Participant: 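My questions all concern the structure below.
Since the structure is predicted, the reported quantities are computational estimates derived from the model, not experimental observations. Just so you know, ligand 1 is whichever comes first in the structure, and atom 1 is the first atom listed for that ligand.
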Amino acid sequence: MTQILKIALDIPLDTLFDYRAEEVSTEDVGRRVLVSFGRRKMVGLIVSLANLSDLPAASIKPVLKIFRDTPALAPDILKLLQFCANYYHHPLGEVIFTALPQRLRSDQAAAFPQQISYVLNKAAPHLDDLPLRAVVKRKLLTHLCQDSGIAREALLALSPSASKHIREMLTTGWITQQQENRPKLLAPPVSGPLPQLPALNAEQAAVIDGCSPAGFSATLLLGITGSGKTEVYLRLTAIQLEQGRQVLVLVPEINLTPQLEARFQSRFPDVPVVSLHSSLNDSERLRHWLLAQSGEARIVLGTRLSVFTPMPELGLIIVDEEHDSSFKQQDGLRYSARDMAAARAKQLNIPILMGSATPALESYHNALAGRYRLQRLSRRAVEEAQLPSIRCVDMRNEKPDDGLSATLLQALEKNLEHGSQSLVFINRRGYAPVLLCNQCGWLAPCPRCTSRLVVHLRERRLRCHHCGHEERIPRACPGCGNPDLAPLGQGTQRLEDALAQHFPAARILRIDRDSTRRKHALREMLQDVHEERVDILVGTQILAKGHDFKRLTLVGALNVDGALYSADFRAAERLFAQLMQVAGRAGRAAEPGTVLIQTQFPDHPLFDALRHQDYDAFATTQLVERKQAGFPPFCHQALLRAEATHLETALAFLHQAKKMALPIPAAITLYDAVPAPMARLAGRERAQLLVQADERRDLQQFLRHWNANLNNLKARQVRWSLDVDPLDF
Ligand code: ADP
Ligand code: ZN
Ligand code: ZN
């Protein structure tokens, strides 16, 4: 019998397309198909079956192929994606294809990608016959002895140079390569006895008791750094695994938190754990995704996109560092993975746990309003570990040397003598944020953005950190010919140089996006820190996250004042979270830590709350301010963004869009179209229009009508998008 298929396609039209096919059943809903669309062939996905179409029968084309080599997308995922499409007012087809791994977006066969594994041959030497200094080979052999047919990825995870040694061992015939269809466990077997679990403290036990393992509940876990949140995640995960359920753990940026992955793998050595993040290649990504979908992987550890991973037996979702803005996608489908995770938990009727030392004010507000349960961990978990003492260095009384106050320099010196590690934090990479001509005031601008170029002195280049534009450092000022151009302000490179001058004997390591570009670079650097080959670390917020440096006892923070009086109402919240995080790096073990914050405004209430590490105090004052100003979480916002070659074109589109909204419902505030704070980006002019309502329901209802009209609006030469719950303006 011929059936009508409602097909979602990856195109920016908010509609499904009718095709027909013979011999399809409801089992095919969620399967991918190949169809001809216009003159192209496209991959689509069957969203539903129907008996009738509004189109004349003759114009309905047959599907060319139904891909039955991979399982259909489960109904619960389709439902989640549908919710996502409705909430963000984004075409369902684009939402579906954003969520699928790249390989499934194309018409390539997507059978289980073959997994490469290795077996040990007789030709291989005995472990005892290998010299001790052959560290990596010994490691590889140890694992190969334990398990015949160990997955390539498991071996690669053992060392950055594993791949080179595997090649050598293949040539010498020590090992043989196999290709398998069946997936293997990805967690490398752990050798030796299982680590002893710490006894939970009373607070941890209370949190675990409070999280019922079944039924929907949303819990916000407010726990200072080092208070044992991860231990709580592990215990709750164990409970789910015992009950035969899968667990999804969302993290902001996985390559920044390799320790978390390692902790999950070593806690559950026999349990298949897969990770899903952007540094996997397409076939790894597909394999991990399929393992989750088939239920073989029991734990999925992933970044924001993994919130959509099919997991047939999902029993718990954990969102670590739930406040982190990288959970919100900033282009295309601008979804919040944290919010989608909460929606998923609700749909599946399972618990969700969101953890942070500095929750997003939205989440904290939800907890105060009773929508989330609030649980606390208020002490560091390790008995001796003390909270660091946090002090401001009053920069009004200092004459800083290359940005470094005498107070901080002295503290660094003392720490060096003491043999402890220090960290100098500055959230700006490069040598200096601006290049200045002292004679005419020229500041090197980015030709494509409303921004300044950053000086990268070592490469003798100027770079735009927004669009990637690069040029040579000019020999003279293009305005007045003055050859004496001066880098202004501090970046990580300049600090590194300055510290090297002050402390010539110290081993200094810079960790930022530039120094860690190479694959494995970050992992190697972190290893150097752990193995105490580093005295002073200089770095950006990469360093703030999740790392547990046992010997680190001093943290200095520079250039934080910009966020105190910023036009962005979230700047203070972000600064507080960042400083709490860097402060959390100090004194993780027995030695107490000290944090010195250089500022012109030591009396600012933000620092007061920070000194007492009092998130509640900070959040409470912020919430009062937000309420007075009518900002989120006391209202709900959406931003209509438009960009074009000329600003007038973008603004004209938004004016028209505003007109279409008339008459504006009483519950809605529609502001005027204005240029974006960064009006020019990568050669495009940008403008925006803000919509606001007290109630989410009113906003959603308005957006639904408005968006439908916007889709009919002529938008020649304008690219526009709707951003619901925008974080960046
Ligand atoms: P967080 O995730 O909140 O930063 P962690 O879970 O990483 O905290 O815990 C910090 C340190 O304390 C880790 O080294 C961890 O092994 C240890 N730890 C956690 N819970 C306990 C406990 N109940 N007893 C002893 N040590 C603990
Ligand atoms: Zn000049
Ligand atoms: Zn630029």
Participant: Suppose I only count heavy atoms of A199 and a 4.0 Å limit; which atoms of ligand 1 are within that range?
Facilitator: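 Close to A199: 22 (C), 23 (N), 24 (N).
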Participant: Does any N, O or S atom in H469 come within less than 2.8 Å of the Zn ion (ligand 3)?
Facilitator: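 No, H469 does not qualify, because none of its backbone or side-chain N, O or S atoms lies under 2.8 Å.
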Participant: For F618 and F576, take the angle between the two ring planes, folded into 0 to 90°, and tell me which bin it lands in: parallel under 30, tilted 30 to 60, perpendicular over 60.
Facilitator: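 Rings of F618 and F576: parallel, under 30°.
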Participant: Under a 4.0 Å N-O cut-off, is there an ion pair linking R267 with E231?
Facilitator: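 Yes, this pair counts.
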Participant: Using a 4.0 Å cutoff against the non-hydrogen atoms of E231, which atoms of ligand 1 qualify?
Facilitator: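 In order of numbering, the contacting atoms are 6 (O), 19 (C), 20 (N).
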Participant: If we ignore angles and hydrogens, is there a donor and acceptor under 3.5 Å between the side chains of S326 and D324?
Facilitator: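 Present: a donor and an acceptor within the cut-off.
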Participant: Around atom CZ of R235, are there more than 12 heavy atoms from other residues, nucleotides or ligands closer than 6.0 Å?
Facilitator: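 Yes.
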Participant: Under 4.0 Å, heavy-atom basis, I'd like to know which part of L377 is in contact with ligand 1: side chain, backbone, both or neither.
Facilitator: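 Looking at L377 and ligand 1, no heavy atom falls under 4.0 Å.
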Participant: Which of the listed options, A202, S227, P198, holds the heavy atom that is closest to atom 24 (N) of ligand 1?
Facilitator: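 Looking at heavy atoms only, the winner is P198.
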Participant: Is a donor from one side chain sitting under 3.5 angstrom from an acceptor on the other, for H469 and R448?
Facilitator: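 No, no side-chain donor-acceptor contact under 3.5 Å.
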Participant: Is the closest heavy-atom distance from R380 to ligand 1 below 4.0 Å?
Facilitator: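 R380: no contact with ligand 1 (<4.0 Å).
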Participant: Counting from 1, what ligand 1 atoms have a heavy atom of I224 closer than 4.0 Å?
Facilitator: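 So the atoms of ligand 1 that pass are 3 (O).
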Participant: Need the ligand 1 atom indices (1-based, order shown) with element for anything under 4.0 Å from a heavy-atom of G228.
Facilitator: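 Here the atoms of ligand 1 in question are 1 (P), 3 (O), 5 (P), 6 (O), 8 (O), 9 (O), 19 (C).
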Participant: With a cut-off of 4.0 Å, which atoms of ligand 1 are near a heavy atom of V382?
Facilitator: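 With V382 as reference, the close atoms of ligand 1 come out as 11 (C), 12 (O), 17 (C).
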Participant: To check your reading of the site, what angle at the Zn ion (ligand 3) do SG of C449 and SG of C446 form, to 10°?
Facilitator: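 My answer is 110°, to the nearest 10°.
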Participant: Please examine the side chains of L221 and Y233, heavy atoms only from C-beta on, and report whether any two atoms are closer than 4.5 Å.
Facilitator: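 Yes, their side chains come closer than 4.5 Å.
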Participant: Can you tell me if Q490 and N559 form a side-chain donor-acceptor pair at under 3.5 Å?
Facilitator: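 Distance-only check fails for Q490 and N559.
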Participant: Specify side chain, backbone, both or neither for A357, according to which of its non-hydrogen atoms lie closer than 4.0 Å to ligand 1.
Facilitator: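 It is neither part, as no heavy atom is under 4.0 Å.
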Participant: Regarding H465, does it place an N, O or S atom less than 2.8 Å from the Zn ion (ligand 3)?
Facilitator: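 No N, O or S atom of H465 is closer than 2.8 Å to the Zn ion (ligand 3), so no.
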Participant: Quick one: look at L200 and ligand 1, take heavy-atom pairs under 4.0 Å, and tell me if it's side chain, backbone, both or neither.
Facilitator: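 For L200, only backbone atoms sit under 4.0 Å from ligand 1.
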Participant: Between ligand 1 and T225, is the shortest N or O to N or O distance under 3.5 Å?
Facilitator: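 In fact, backbone or side chain, T225 has no N or O that close.
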Participant: Please classify the R263 to ligand 1 contact at 4.0 Å (heavy-atom distances, strictly less than): side chain, backbone, both or neither.
Facilitator: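 Within the 4.0 Å criterion, R263 contacts ligand 1 through side-chain atoms alone.
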Participant: Return the option from G223, G355, A205, A381 holding the heavy atom at the smallest distance from atom 27 (C) of ligand 1.
Facilitator: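 When every heavy atom of G223, G355, A205, A381 is considered, A381 comes closest to atom 27 (C) of ligand 1.
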Participant: Between S227 and E203, is there a side-chain heavy-atom distance shorter than 4.5 Å?
Facilitator: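 In short, these two side chains do not touch, never coming nearer than 4.5 Å.
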Participant: Within ligand 1, which atoms have a heavy atom of N201 less than 4.0 Å away?
Facilitator: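 Matching atoms, with element in brackets: 23 (N).
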Participant: Determine whether the side chains of Q581 and T358 contain a donor N or O and an acceptor N or O closer than 3.5 Å.
Facilitator: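 Side-chain D/A pair, Q581 to T358: absent.
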Participant: V232: heavy atom below 4.0 Å from ligand 1, yes or no?
Facilitator: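 V232: no contact with ligand 1 (<4.0 Å).
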Participant: In the structure I gave you, are the side-chain heavy atoms of T225 and R380 within less than 4.5 Å of one another anywhere?
Facilitator: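 Yes - at least one pair of side-chain heavy atoms lies under 4.5 Å apart.
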Participant: Flag yes if more than 12 heavy atoms outside R517 fall under 6.0 Å of its CZ atom; otherwise flag no.
Facilitator: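 Check passes, neighbour count above 12.
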Participant: Can you tell me if an N/O/S atom from H466 lies under 2.8 Å from the Zn ion (ligand 3)?
Facilitator: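 H466 does not place any N, O or S atom closer than 2.8 Å to the Zn ion (ligand 3).
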Participant: Take atom CZ in R379; do more than 12 heavy atoms of anything else shown fall under 6.0 Å from it?
Facilitator: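 Atom CZ in R379 is not crowded, with 12 or fewer foreign heavy atoms closer than 6.0 Å.
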Participant: At the Zn ion (ligand 2), what angle lies between atom SG of C437 and atom SG of C440, rounded to 10 degrees?
Facilitator: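 Once rounded, the angle between the two atoms at the Zn ion (ligand 2) is 110°.
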Participant: So, is K550 polar-close to ligand 1, with some N/O to N/O distance under 3.5 Å?
Facilitator: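 No; every N/O pair is 3.5 Å or more apart.
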Participant: Below 4.0 Å from any atom of ligand 1, is there a heavy atom belonging to G226?
Facilitator: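 Yes, G226 has heavy atoms under 4.0 Å from ligand 1.
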Participant: Identify which one of L554, I536, V529 satisfies the side-chain contact (heavy atoms from CB on, under 4.5 Å) criterion when paired with Q421.
Facilitator: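 Per the side-chain contact (heavy atoms from CB on, under 4.5 Å) rule, the option paired with Q421 is V529, out of L554, I536, V529.
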